[in-house]
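This report refers to the structure that appears directly beneath it.
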Amino acid sequence: MGLLDGIEKLITEHGSAAILKERIALANDKYAALEKKLSDSELRVKQLEMEKQVFELDNFKLKEKVGNLEEQLVEPHENRLEDIKENLLIALSPGQDAIAAQLAQSLDIGEQLATFHLEELANTGFVSAARFYTGRPTIWKLGQDGRGYLVSHGLLE
C-alpha cells in the first residue's frame, strides 16, 4: 500500500464522516422539530381536556336545570284544582266575604254546585265558612292556603 493509498483512504473516510455528520445534524434537527411538535400537541391535548371538563360540567348543570324546569312545569299542572274551584277562589280573592248564591251568580253556575265546591275547599283550608244557624246563609271567606294557592299558580293580580 502506497503513501497515496493511505491519503485516499483518509479522504474517503473523512468525506464519509462529513456526510455522516451532516446527515446526523439533519436527523437531529428533524428530531428536535418532532419533539417540539409533540410538546405542542401534548399541551393542546391538555387544553382540550380542560375545555372538555368545563363543557361536561356545564352540560351537567344545564341538564339539572332543565330537569328542575320540567318538574316545575309538571308540578303546577298536576296539583291544579278544577277550574270551578279556582274560579271560586279568584272570586273570593278581593277579600270580600260572599255567600254561595252571589258566587254562583258571578260564575254562572248553580248555587248547589257552588256550595258543594266551597265545602270541598273548606275541607282543605282554602276557604273558611261562617255558619249561622238562624236561617242566614253561610258566609265564605278566602283562607290563607287558598291565597297561597292563587299566588303560587299566578292567579292573583
Side-chain angles (χ1 to χ4, degrees), residues 1-98 100 103-104 106-109 113-129 140-157:
M1 177 172 223
L3 180 65
L4 290 179
D5 289 338
I7 293 175
E8 183 180 342
K9 185 177 178 186
L10 184 62
I11 291 173
T12 305
E13 287 177 4
H14 179 68
S16 295
I19 292 172
L20 188 57
K21 184 178 179 182
E22 287 176 12
R23 287 188 180 171
I24 289 174
L26 181 63
N28 283 338
D29 289 345
K30 286 183 179 180
Y31 181 77
L34 288 174
E35 276 187 332
K36 184 179 180 339
K37 198 172 186 180
L38 176 63
S39 175
D40 291 346
S41 295
E42 287 173 346
L43 181 63
R44 182 68 179 143
V45 165
K46 286 181 183 177
Q47 289 173 341
L48 290 172
E49 284 175 353
M50 287 175 40
E51 280 185 42
K52 178 186 170 199
Q53 288 176 347
V54 168
F55 288 137
E56 285 175 345
L57 181 62
D58 286 346
N59 186 30
F60 176 78
K61 287 179 181 177
L62 288 173
K63 282 183 179 180
E64 192 173 80
K65 200 174 205 178
V66 166
N68 291 338
L69 290 173
E70 285 175 346
E71 285 177 21
Q72 288 176 3
L73 285 174
V74 171
E75 282 178 15
H77 296 296
E78 289 178 351
N79 298 329
R80 293 294 291 253
L81 295 172
E82 297 172 55
D83 288 343
I84 193 168
K85 289 179 180 159
E86 283 186 356
N87 291 335
L88 286 166
L89 292 175
I90 292 168
L92 289 169
S93 68
Q96 299 171 353
D97 300 345
L103 294 168
S106 70
L107 298 178
D108 198 27
I109 59 173
L113 183 61
T115 301
F116 169 78
H117 286 290
L118 286 165
E119 292 287 346
E120 285 195 340
L121 288 168
N123 290 336
T124 60
F126 282 28
V127 298
S128 59
W140 297 96
K141 184 177 194 172
L142 183 63
Q144 185 62 20
D145 289 343
R147 191 171 313 286
Y149 175 87
L150 292 174
V151 168
S152 68
H153 289 87
L155 299 172
L156 273 184
E157 296 176 3

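Basis for what follows: all heavy atoms, side chains included, without hydrogens, waters or symmetry-related copies. Worth saying up front: this structure is predicted, and the values here are computed from it rather than measured. Index from 1, following the sequence.
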Query - Interatomic spacing from CG in L38 to CG in L43 - rounded to 0.5 Å - result: 11.0 Å
Query raised in the report: Within a reach of under 6.0 Å around CG of D108, are more than 12 heavy atoms found that belong to other residues, nucleotides or ligands?
Result: no
Query raised in the report: When rounded to the nearest 0.5 angstrom, what is the spacing between CZ in F116 and NZ in K85?
Result: 6.0 Å
Query raised in the report: Distance-only, no hydrogens or angles: does the S39 side chain make a donor-acceptor pair with backbone N or O of E35 under 3.5 Å?
Result: no
Query - I109 vs N87 side-chain heavy atoms within contact, under 4.5 Å - result: no
Show me the donor-acceptor pairs, under 3.5 Å and distance only, between side chains in residues 47-62 and residues at least two apart or in other chains.
none

Query - Nearest atoms (heavy-atom pairs only) where L156 meets S93 - result: CD2-CB, 3.5 Å
Requested in this report: For residues A100 and A114, report the shortest heavy-atom separation together with the two atoms involved.
Outcome: O-CB, 4.1 Å
Query raised in the report: Within the distance-only criterion (no hydrogens, no angle test), does the side chain of Y149 pair as donor or acceptor with the backbone N or O of L89 below 3.5 angstrom?
Result: no
Query - Listed partners of D40 passing salt bridge (Lys or Arg N to Asp or Glu O under 4.0 Å), at least two apart - result: K36
Report summary line: dist E64:CD -> N68:CG (nearest 0.5 Å) comes out at 6.0 Å
Report summary line: Value for CG (D97) from OG (S128), rounded to nearest 0.5 Å, stands at 7.5 Å
Query raised in the report: Say you draw a straight line from CG of L88 to OG of S106; how long is it, rounded to the nearest 0.5 Å?
Result: 7.5 Å
Requested in this report: Working to the nearest 0.5 Å, report the span between CD1 of I90 and NE2 of H153.
Outcome: 11.5 Å
Requested in this report: State, yes or no, whether a side-chain contact exists between L103 and L92 at a heavy-atom distance under 4.5 Å.
Outcome: yes
Requested in this report: With H117 as reference, evaluate L81, V127, I84 under the side chain to side chain contact (heavy atoms under 4.5 Å, CB included) test and give the passing residue.
Outcome: I84
Report summary line: For L150 and E86 the tightest heavy-atom approach is CD2-O, 4.4 Å
